[in-house]
Protein chains: 2
Amino acid sequence: MTLSEEDYIKAIYHLGKGENTMVSTNAVAEQMETKPSSVTDMVKKLSEKGVANYKPYKGVSLSEYGQKIALSLVRKHRLWEVFLVEKLDFSWDEVHEVAEQLEHIKSEKLIDQLDKHLGYPQVDPHGDPIPSKKGEFKKTIKKLLHEIPTGTSGICVGVKDSSPPFLKFLDKNKIALGDTISVLEKEEFDGSLYIRIKESKIHISNQIASNLYLKITA
Amino acid sequence: MTLSEEDYIKAIYHLGKGENTMVSTNAVAEQMETKPSSVTDMVKKLSEKGVANYKPYKGVSLSEYGQKIALSLVRKHRLWEVFLVEKLDFSWDEVHEVAEQLEHIKSEKLIDQLDKHLGYPQVDPHGDPIPSKKGEFKKTIKKLLHEIPTGTSGICVGVKDSSPPFLKFLDKNKIALGDTISVLEKEEFDGSLYIRIKESKIHISNQIASNLYLKITA
DNA sequence: AATAATATTTAGACAAAACTAAATATTTGT
DNA sequence: ACAAATATTTAGTTTTGTCTAAATATTATT
Ligand SMILES: [Mn+2]
Ligand SMILES: [Mn+2]
Ligand SMILES: [Mn+2]
Ligand SMILES: [Mn+2]
């Protein structure tokens with residue numbers, strides 16, 4: 001597969017939410033930042049190649065084979081993201097662009113060894129699961145911190161309230177996107193939480209907890 | 001620069017031996033495994049872009065700017081080779097093909113951090129020097145082991161005699177391409193050498209030493 | 001059900017990078 | 001110096017991936 005074909009396959013995969021859903025030409029065009037006519041051309045070719053199933057005017061979905069390619073690309077992308085954060089001190093928001101390039105490097109040994117070098121990580125820096133070599137992975141869900149049960153942990157992936165006061169509060173308490181947070185204990189009385197974040201334990205109100213999104217493995 | 005342009009720039013650089021020599025169309029074609037007519041087209045374009053100086057029927061050389069690009073590519077290529085060997089347990093002869101792809105990844109931060117992660121290596125697994133960010137590097141030369149002075153060290157890069165008996169000898173004594181060898185002492189009487197190779201010290205005859213090529217930084 | 005709005009495809013063009021075959025320039029050998 | 005051999009360029013195609021403009025299909029609205 002060419003670099004371009006691979007990016008289309010990934011786009012179709014992500015727009016179909018990993019399921020084998022039909023996606024529209026326009027949706028792919030928007031995702032890829034190209035024109036719908038270019039998408040038509042490409043999905044025709046991918047269909048010829050047996051990677052996708054294209055029904056004119058109806059949309060496109062990945063074939064079995066296409067799914068495999070997509071999962072392999074997602075695996076590479078996310079492993080590289082872990083590498084960049086863990087080994088090269090990249091931050092959460094800097095990795096995507098570079099991983100978008102690295103995912104296209106062709107070498108099976110490279111990925112196997114990278115996986116090993118990283119200690120076989122299960123999730124990427126955004127809390128998204130890393131498919132195994134065979135394409136298996138755990139689903140993850142996004143939940144508000146105050147909704148998740150005591151004992152579980154997840155990666156902070158977003159805020160519901162993005163007002164300056166709230167963001168300032170997070171900053172002051174050293175809570176950042178990409179941090180792993182575990183719920184240690186819940187206070188029945190006011191719904192406040194004791195959480196662990198980067199080795200330190202802190203106490204936060206229910207109001208804070210209901211404005212922070214975590215990604216947890218289901 | 002596109003991937004293709006970058007590979008042409010590197011080819012011109014290497015054929016010109018790093019000096020600003022004029023290189024023939026045919027030579028580039030052979031190196032790149034393309035046809036001379038394709039080379040003509042490309043070097044015209046590189047000249048337009050100010051990367052190279054092309055004189056019809058006379059050949060092509062890199063401009064100042066082209067040299068800079070070439071050195072940056074060589075730097076990336078060799079740093080990735082070190083990464084593959086040091087961190088991912090690739091062997092000497094497996095790295096080139098993968099580095100050929102990785103060298104084209106666009107991210108300044110990626111290379112700076114990779115350099116740091118690897119401890120700012122000076123040479124790649126083949127004993128070739130790694131240019132600094134500014135493009136400076138030490139020249140290396142290839143010499144027979146018995147020609148180099150006591151106290152110096154280098155990387156084993158080839159054999160003069162490639163007969164099975166000699167290769168078998170190297171195997172038995174665990175001397176392999178890519179190994180770092182230091183000359184500890186020379187025996188005046190028979191010209192035999194005491195060398196260090198991978199933490200162990202061994203004694204080899206002058207005849208062995210005169211059939212092993214080392215790459216040393218001049 | 002007819003019309004308007006939107007989505008999608010088709011047709012035709014373009015740039016990048018390669019190729020083959022033919023033309024032309026340079027170098028070599030006598 | 002001239003012919004033969006070799007190197008290089010030119011001309012004309014091809015493939016991949018993109019685009020714009022126009023045509024056609026689908027969906028939404030009245
Ligand atoms: Mn990509
Ligand atoms: Mn990610
Ligand atoms: Mn390359
Ligand atoms: Mn090398």
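Chain A is the first sequence line, chain B the second, and so forth, proteins listed ahead of strands; every chain is numbered from 1.
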Contacts under 3.5 Å, N or O only, protein and nucleotides 24-26 of chain C:
{"unit_1": "C:dA25", "atom_1": "O4'", "unit_2": "B:Tyr57", "atom_2": "OH", "d": "3.4"}

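- Partner of A:Asp115 under the salt bridge (charged side-chain N to carboxylate O under 4.0 Å, His left out) criterion, out of A:Arg78, A:Lys133, A:Arg75: A:Arg75 alone.
- One can place CG of B:Leu46 at 12 Å from P of C:dA16, the figure rounded to the nearest angstrom.
- No donor-acceptor pair closer than 3.5 Å links the side chain of A:Asp128 to the backbone N or O of A:Val123.
- Distance NZ (A:Lys49) to C1' (D:dT16): 10 Å, rounded to an integer number of Å.
- The side chain of B:Ser4 places an N or O atom within less than 4.0 Å of a non-bridging phosphate oxygen (OP1 or OP2) of C:dA18.
- With B:Gln101 contributing its side chain and B:Val98 its backbone, the two residues share no donor-acceptor pair below 3.5 Å.
- A close approach under 4.0 Å does not occur between any side-chain nitrogen or oxygen of A:Lys55 and OP1 or OP2 of C:dT8.
- Note: CE (B:Met42) to P (D:dT8) measures 18 Å, nearest angstrom.
- Rounding to the nearest 0.5 angstrom, the gap separating the CG atom in B:Asp161 from the OG atom in B:Ser210 is 9.0 Å.
- A salt bridge links B:Glu100 to B:Lys10: one of the charged nitrogens lies within less than 4.0 Å of a carboxylate oxygen.
- If you run salt bridge (charged side-chain N to carboxylate O under 4.0 Å, His left out) between B:Asp179 and each of B:Lys198, B:Lys215, B:Lys174, only B:Lys198 comes through.
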Identify the pairs formed between an N or O of the protein and an N or O of nucleotides 1-6 of chain C at a distance under 3.5 Å, and give each distance.
none

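- A donor-acceptor contact closer than 3.5 angstrom links the side chains of B:Glu81 and B:His126.
- Between B:Tyr54 and D:dT8, a side-chain N or O to OP1/OP2 separation shorter than 4.0 Å is absent.
- Between the side chains of B:Asn26 and B:Ser24, no donor-acceptor pair of N or O atoms lies under 3.5 Å.
- Contact check of residues 27-41 of chain B against DNA chain C (heavy atom, cut-off under 4.0 Å) returns B:Thr34, B:Lys35, B:Ser37, B:Ser38, B:Asp41.
- For A:Leu3 and C:dA16, the CG to P distance is 18 Å, given to the nearest whole Å.
- A:Glu97 and B:Lys109 are not joined by a salt bridge, as no carboxylate oxygen comes within less than 4.0 angstrom of a charged side-chain nitrogen.
- Relative orientation of the B:His117 and A:Phe83 rings is perpendicular, given thresholds of 30° and 60° on the angle between their planes.
- Taking CD of A:Glu6 as the reference point, atom NZ of A:Lys106 lies at 3.5 Å (rounded to 0.5 Å).
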